[in-house]
Amino acid sequence: MTTYDDILEEIGQFGRCQKRIVALFCLVSMPFPCAYVGIVFQGFTPEHWCRDPGVSQIGEHCGWSLQDTRRVTVPLVNTSAGLGYSQCERYNIDWNSTDLTCDHPEGDPSPARRLASPVSACTDGWVYDYEGRQSFVTEFDLVCADAWYVDMFQAALNVGFLVGSISIGYLADRIGRMKSFLLTNFFISVTGILVAASPNYIVLLVFRALYGLGVKGGWMVGYVLITELVGVEYRRTVGVTYQMFFSIGILALSLFAYIIPNWRWLQVAFTVPYICFLSYYWFIPESPRWLLSQNKKAKALEITQEIAKENKKTLSKNIENLKDDSTDFSSTASFLDLIRTPNLRKYTFILSFNWFTSAVVYQGLIMRLGIIGGNVYIDFLISGIVEFPAAFLILLTIERVGRRLPFAAANIVSGAACLITAFIPDSMFWFKTIVACIGRMGITMAFEMVVFVNTELYPTIIRNLGVSVCSTLCDIGGIVAPFLLYRLAVIWLELPLIIFGALAFVAGGLVLLLPETKGMPLPETIDDIENPKRNKENHLKSQQVENLLSHDVTSKKDVTSV
């Protein structure tokens with residue numbers, strides 16, 4: 001039976017038509033990081049302290065700076081970074097009974113009396129040293145006792161990712177890739193604008209979760225569609241390129257955030273591209289592979305002929321004899337198949353842990369840029385640039401060295417970089433920055449590699465199910481990441497790096513327990529996984545038969561020519 005891959009060899013595995021479609025879908029990958037790590041700018045928490053109405057009124061009249069009012073208003077406390085001004089307490093003093101004057105900001109009470117004065121929590125709001133910019137943190141006062149609400153903003157997004165990756169994936173299998181893509185983009189456009197217009201924080205969380213549901217699902221549909229339209233030899237390159245445009249989106253995010261200082265208008269800017277993607281209805285066809293799986297051969301033939309025409313090729317094979325070579329066997333598979341046998345049980349645990357670790361460390365390192373106190377725009381830009389070497393390293397190593405060693409090394413290098421960065425003093429700024437960038441590059445490489453390693457280790461009959469189940473740990477990791485980062489950083493700014501380093505080290509060590517898949521055929525059955533030697537022997541025998549047949553055909557040609 002002819003397969004669609006046989007057809008692609010005839011009409012072009014990566015011709016002009018596929019290049020055009022892949023280029024258009026790579027644009028879809030660019031706004032994804034705006035949702036994924038946009039919290040760095042939208043949820044930025046600036047330097048803040050309690051507002052005292054009496055002191056603020058005097059300060060405005062006297063023309064005091066924010067630092068002058070802070071010195072008068074709040075006490076000094078011990079923090080993880082040393083002695084500093086309190087962000088959540090103020091002196092409980094009746095300033096009308098003091099001699100506070102414009103010429104004497106310190107005024108009366110004296111420092112000694114001030115230290116003996118009682119303190120209270122912030123009851124009249126906060127002062128933010130963040131002139132000209134507004135985040136949802138400053139708008140809704142999500143600091144001090146309410147600081148954990150910022151964690152919920154990112155967690156809500158990842159809850160949406162978790163639901164979207166399952167529901168939109170199911171929808172794409174039921175109604176088609178392009179229909180689900182267009183519906184998803186319409187959904188993103190509506191919910192994205194509603195996020196920007198949210199009147200309060202609870203409404204913001206609800207729409208943020210719905211927004212995440214659409215963004216993750218739409219991104220996955222795009223990934224599936226472009227890999228279904230190209231030949232086998234180009235799938236991995238196309239997949240890595242698709243993810244590289246995610247890195248380009250990170251660079252663009254820092255620029256947009258610098259130009260647009262208000263978090264609501266920044267959210268609108270994040271949403272506009274998805275409105276533009278609705279125009280793909282006129283430019284991109286449905287996946288012929290999906291049409292074949294639905295027995296819609298007439299439409300599949302029409303689209304295939306259009307692809308051949310754009311590629312300037314001629315279709316000669318009879319599409320009526322086509323067999324769908326990507327039949328979904330998930331209907332006959334169950335979760336128990338992933339843990340029933342020893343090897344599959346080991347693969348499921350290791351891959352799930354790696355998905356979880358990649359999400360926690362990747363998101364954690366990026367969100368950390370918003371709390372370390374440097375120039376967040378420059379730090380974010382540098383952090384995005386180091387993702388490109390990660391993609392090139394993958395392309396250079398996976399076919400030469402294999403999958404296992406680069407995958408394990410990426411995790412271990414990232415873990416080591418996190419641990420080392422935690423203990424480098426701030427005075428060694430550039431050295432600390434370089435080591436941190438190496439950590440970002442390592443976890444980026446690990447994150448991109450877990451995607452295709454996951455697909456190569458599971459047999460055909462449960463491959464889709466295996467990838468879906470394991471990748472859900474990515475979204476769970478995304479839910480956990482903000483709580484690990486922001487809550488532990490309150491104790492010690494570098495403590496999250498210790499946790500990230502330990503997770504990455506363990507993940508790298510576990511990867512070494514996986515088999516190498518370079519040069520191996522994709523397993524078809526569970527028996528191929530549990531008896532890998534037999535699978536390898538069958539692969540060698542099939543290669544020998546192909547070589548013999550090829551030699552026999554060559555000999556006959558030689559005889560005929562004589």
Side-chain angles (χ1 to χ4, degrees), residues 1-30 172-173 176-182 219-245 248 277 279-328 391-392 394-396 398-399 448 451-452 455-456 460 463 519 521-522 543 546 549-550 553:
M1 294 286 289
T2 303
T3 67
Y4 198 75
D5 283 322
D6 297 328
I7 294 292
L8 284 175
E9 289 184 6
E10 186 178 44
I11 66 172
Q13 296 189 63
F14 193 49
R16 179 179 176 181
C17 180
Q18 288 100 325
K19 290 176 182 176
R20 174 179 62 83
I21 293 172
V22 169
L24 287 172
F25 267 104
C26 281
L27 298 178
V28 175
S29 195
M30 287 181 63
D173 286 338
R177 313 308 193 210
M178 279 307 297
K179 284 184 180 178
S180 60
F181 175 77
L182 294 170
W219 187 86
M220 290 185 64
V221 170
Y223 186 93
V224 170
L225 183 58
I226 61 175
T227 55
E228 287 182 342
L229 285 173
V230 302
V232 177
E233 298 176 5
Y234 294 93
R235 287 180 189 172
R236 190 166 294 114
T237 302
V238 163
V240 172
T241 303
Y242 189 68
Q243 295 180 75
M244 281 181 65
F245 273 79
I248 295 175
F277 295 150
S279 65
Y280 283 15
Y281 173 81
W282 290 279
F283 303 113
I284 298 177
E286 182 56 83
S287 167
R289 291 181 190 270
W290 178 82
L291 291 169
L292 287 172
S293 71
Q294 303 298 305
N295 203 30
K296 299 179 180 180
K297 293 187 177 181
K299 185 63 176 177
L301 173 60
E302 179 185 339
I303 293 174
T304 303
Q305 287 175 333
E306 291 175 357
I307 295 174
K309 182 179 179 181
E310 189 171 347
N311 289 345
K312 298 181 179 180
K313 301 286 186 178
T314 303
L315 177 63
S316 61
K317 288 187 172 65
N318 186 357
I319 202 166
E320 294 298 326
N321 295 325
L322 271 178
K323 175 178 73 70
D324 175 26
D325 56 339
S326 58
T327 304
D328 183 12
F392 289 121
I394 292 174
L395 295 174
L396 288 173
I398 58 175
E399 296 302 338
E448 293 183 3
V451 179
F452 58 80
T455 61
E456 292 181 337
T460 301
R463 184 169 296 125
L522 291 177
Q543 283 187 326
E546 288 178 5
L549 289 174
S550 176
V553 170

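- Closest approach of Gly12 to Asn311, counting heavy atoms only: O-ND2, 4.0 Å.
- Going from atom SG of Cys26 over to atom CD1 of Ile21 covers 12.0 Å, rounded to the nearest 0.5 Å.
- Taking the charged nitrogens against the carboxylate oxygens, Arg20 and Glu310 do have a contact shorter than 4.0 Å, which makes a salt bridge.
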Practice prompt. Give the intermediate values and the outcome of side chain to side chain contact (heavy atoms under 4.5 Å, CB included) for residues Leu8 and Arg289.
Written response: CA-CA 11 Å; Leu8 284 175; Arg289 291 181 190 270; 3.4 Å; yes
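- Within 6.0 Å of CE in Met220 there are 12 or fewer heavy atoms belonging to other residues, nucleotides or ligands.
- Here the straight-line distance linking atom CG of Leu395 with atom CZ of Phe392 works out to 7.5 Å at 0.5 Å rounding.
- For the side-chain hydrogen bond (donor to acceptor under 3.5 Å, both in side chains) test, no residue two or more places apart in sequence or in another chain qualifies with Thr241.
- When side chains are defined from C-beta on, Phe277 does not count as touching Leu182, because their heavy atoms never get closer than 4.5 Å.
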| task | Walk me through it: do Thr314 and Glu10 pass the test side chain to side chain contact (heavy atoms under 4.5 Å, CB included)? | result | CA-CA 8 Å; Thr314 303; Glu10 186 178 44; over 6 Å; no
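- Atom CD of Glu233 has 12 or fewer neighbouring heavy atoms from other residues, nucleotides or ligands inside a 6.0 Å radius.
- Going from atom CG of Leu229 over to atom CD of Glu286 covers 9.0 Å, rounded to the nearest 0.5 Å.
- At a threshold of 4.5 Å between non-hydrogen side-chain atoms, the residues Val230 and Gln13 do not count as touching.
- Comment: Glu302 engages Lys299 in a salt bridge, judged by a side-chain N to carboxylate O separation of less than 4.0 angstrom.
- Arg177 CZ to Ser287 OG: the interatomic distance, rounded to the nearest 0.5 Å, is 5.5 Å.
- Counting heavy atoms from C-beta on, the side chains of Phe25 and Val22 never come closer than 4.5 Å.
- The closest side-chain heavy-atom distance from Val28 to Val221 is not below 4.5 Å.
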* Could you check Lys297 against Asn295 for side chain to side chain contact (heavy atoms under 4.5 Å, CB included), going step by step and ending with a plain yes or no? => CA-CA 6 Å; Lys297 293 187 177 181; Asn295 203 30; 3.9 Å; yes
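- Nearest heavy atoms, Ala300 versus Pro288: CB-O, 4.0 Å.
- Phe14 meets the ring-ring contact (aromatic ring centres under 6.0 Å, His included) test with Tyr234; sequence neighbours excluded.
- Looking only at side-chain heavy atoms (C-beta outward), Ile7 and Thr304 come within less than 4.5 Å of each other.
- Here the straight-line distance linking atom CD of Glu448 with atom CD of Gln243 works out to 4.5 Å at 0.5 Å rounding.
- A centroid separation of 6.0 Å or more is found between the aromatic rings of Tyr280 and Phe283.
- The structure places CD1 of Ile284 at 5.0 Å from CG of Leu24, a figure rounded to the nearest 0.5 Å.
- Using cut-offs of 30° and 60° on the angle between ring planes, the pair Tyr242 and Trp219 is tilted.
- Proximity of Lys309 to Ile11: side-chain heavy atoms (C-beta onward) are nowhere separated by under 4.5 Å.
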